[in-house]
There are 2 protein chains.
Amino acid sequence: MLSHYKAFASRRRDPATKREAVLQTAAHLFLEKSYSRTSMNDVAERLNITKPALYHYFRNKEEILLECYRLGTTLIEEILNDIASHCGTGLEKVEAFVYSYANVMTVNFGRCVMRLDEGDLSSDALADLRNYKRKIDRRLRSFIQEGIEDGSVAPCDAKIAAFCIAGAVNWICQWYEPEGALSAEEIATQFARTLTQGLARRPRKES
Amino acid sequence: MLSHYKAFASRRRDPATKREAVLQTAAHLFLEKSYSRTSMNDVAERLNITKPALYHYFRNKEEILLECYRLGTTLIEEILNDIASHCGTGLEKVEAFVYSYANVMTVNFGRCVMRLDEGDLSSDALADLRNYKRKIDRRLRSFIQEGIEDGSVAPCDAKIAAFCIAGAVNWICQWYEPEGALSAEEIATQFARTLTQGLARRPRKES
DNA sequence: CTGATATCTTACCCATGGGTAAGATAAATT
DNA sequence: AATTTATCTTACCCATGGGTAAGATATCAG
């Protein structure tokens, strides 16, 4: 956990890195204590400055939050595009999705997207975020549907299956600790395996 | 969605049903808007009374929240006990857990346990809740471990597998809508199947 | 070195919301 | 019917926290 208070050690004019320091610190606190329980004073204190100084870098508190969501959704967008170009069976796409998405859920801004309370957003931003989440869901569902059609996925309700998988990976941002015992890599690998192959031992062809 | 404002239509002394009306209304709002965004005024308004009247039935706002958690954890406790007595393979216990737990996550007070922000609790209550959540995790993990030992579950890291399954079922309370298209029954059934058997088509012995 | 400008601080405003004091009113009790 | 008592309301207190006004100070350009 880097400390970004050094960015404000001097009054040297360097808005870009100072803005970044504010953003990182705020995101960290939002994930730790939630957005609403993090006051602008809390953010300022961590950076060894006072509250009004923050308003040189962000118009208001929500603008910081929006930036967190923006960076997070960009990360997700990248993996979705990767997978779309990634040719293979529906099941392979689902597996790739789980693996990549699980990794994103262990990165700070990625965690923000699913961990922070969307209800803290203004109605416009909330509508946008909801649309984006629906888009992710549609994508995952289409991978599953593809799999059912090409025979790689067992027949099932794609909608429910998508919720099932999305839940497993989205929940990661609720319990994952960057300094914890489990690495993002091992989590992603086993999630991909468990969700596609199931918990039960397969009768033939052990992997 | 029942309206409980009728409970306060008359001043007849009936504290039990009035307290229940407050609790149900509050739980409903907590799930809809979150605890912190629900003011005591909001609760009172729904019941056609004024804020101070609420304090005849609950000492403070947090006492309402605690009651929500208490009722929810009781529901979970019941299913855990049922499964423990339910003899069978580890896999069968996991399957039973997923099925029952998914159902609980569609009931209002059950949803409260995993959907409401635990950070809104006082430190004592928070510690209790965290302990209880750890207990659930240990139980699920032990079912999986049992399965690995009796051969019904494929070898894997029980800790990660437990997080995977818990995530899928806990997430239900984030998207489930009581008046929605999907019934609790079909969700629970397919979740139990998908999480144990996996998304991939099984090579032999189709179910 | 000097003036201009970005940066940051002190002191404040005000809306929100949990909670309470004190009194009004209706229901139960006698 | 009178009185007690639970119930509920009006009016208020106060802590928290987002945001701003106005001024101080350090940095940079010339």
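Quick note on labels: first sequence line is chain A, next is B, and so on, each numbered from 1.
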Of B:Asp42 and A:Asn48, the one whose closest DNA chain C nucleotide lies more 5':
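Closer to the 5' end of DNA chain C: A:Asn48.
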Separation of atom [atom1] in [X] from atom [atom2] in [N], rounded to whole Å:
| X | N | atom1 | atom2 | result |
| --- | --- | --- | --- | --- |
| B:Asn60 | C:dG18 | CG | P | 11 Å |
| B:Arg37 | C:dG17 | CZ | P | 11 Å |
| A:Glu45 | D:dT16 | CD | P | 14 Å |
| B:Tyr55 | D:dT10 | OH | C1' | 16 Å |
| B:Met40 | D:dT9 | CE | C1' | 15 Å |
| B:Arg59 | C:dG19 | CZ | C1' | 13 Å |
| A:Ile49 | C:dT9 | CD1 | P | 6 Å |
| A:Leu47 | C:dC8 | CG | C1' | 13 Å |

Residues from residues 116-125 of chain B lying under 4.0 Å of DNA chain D - heavy atoms
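DNA chain D contact set from residues 116-125 of chain B: none.
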Residues in ring-ring contact (aromatic ring centres under 6.0 Å, His included) contact with A:Phe191, at least two apart in sequence or another chain:
none
Side-chain donor-acceptor pair present, B:Tyr69, B:Asp128, cut-off under 3.5 Å
no
Take the C1' atoms of the five end pairs on each side of the helix from C:dA4-D:dT27 to C:dT30-D:dA1, derive the two axes, and give their angle rounded to 10 degrees.
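One end axis against the other gives 0°.
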Using atom names, set out every protein N or O paired with an N or O of nucleotides 4-7 of chain C below 3.5 Å, distance rounded to 0.1 Å.
from  : atom 1 : to      : atom 2 : distance (Å)
C:dT5 : O2     : A:Arg13 : NH2    : 2.6

Looking at [X], I want to see if its [atom1] is surrounded by more than 12 non-hydrogen atoms of other residues, nucleotides or ligands under 6.0 Å.
| X | atom1 | answer |
| --- | --- | --- |
| A:Gln174 | CD | yes |
| A:Lys33 | NZ | yes |
| A:Tyr55 | OH | yes |

Are any of the side-chain heavy atoms of [X] and [Y] separated by less than 4.5 Å?
| X | Y | answer |
| --- | --- | --- |
| A:Ser100 | A:Asp82 | no |
| A:Leu23 | A:Leu71 | yes |
| B:Ile76 | B:Leu80 | yes |
| A:Tyr5 | A:Glu45 | no |

Does this structure show an ion pair linking A:Asp137 with A:Arg141, if we count only N-O contacts that are shorter than 4.0 Å?
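A salt bridge links A:Asp137 with A:Arg141.
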Could you label the plane-to-plane angle of the A:Trp171 and B:Trp171 rings as parallel, tilted or perpendicular, counting under 30° as parallel and over 60° as perpendicular?
perpendicular
Parallel, tilted or perpendicular, judged at 30° and 60°: which one describes the rings of B:Phe163 and A:Trp175?
parallel
Return no unless some side-chain N or O of B:Ser39 is found under 4.0 Å from OP1 or OP2 of C:dG17.
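False: B:Ser39 side-chain N/O out of range (4.0 Å or more) of C:dG17 OP1/OP2.
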With 3.5 Å as the limit, what N/O pairs link the protein to nucleotides 12-14 of chain D?
none

Pick the closest DNA chain D nucleotide for A:Glu62 and for B:Ala7 by heavy atoms, then say which residue is nearer the 5' end.
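Here B:Ala7 is the residue nearer the 5' end.
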Any side-chain hydrogen bond (donor to acceptor under 3.5 Å, both in side chains) involving residues 110-119 of chain A? Give me the pairs, sequence neighbours left out, ordered by first then second residue.
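Sorted result for residues 110-119 of chain A: A:Asp117-B:Arg37, A:Glu118-A:Arg130, A:Glu118-A:Lys133.
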Would you mind classifying the nucleic acid contact of B:Thr38 as base, sugar-phosphate or nothing, using non-hydrogen atoms under 4.0 angstrom?
sugar-phosphate
Checking B:Arg19 against B:Phe58: charged group under 6.0 Å from the ring centre and within 45 degrees of the axis?
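Judged by the rule, B:Arg19 and B:Phe58 form a cation-pi pair.
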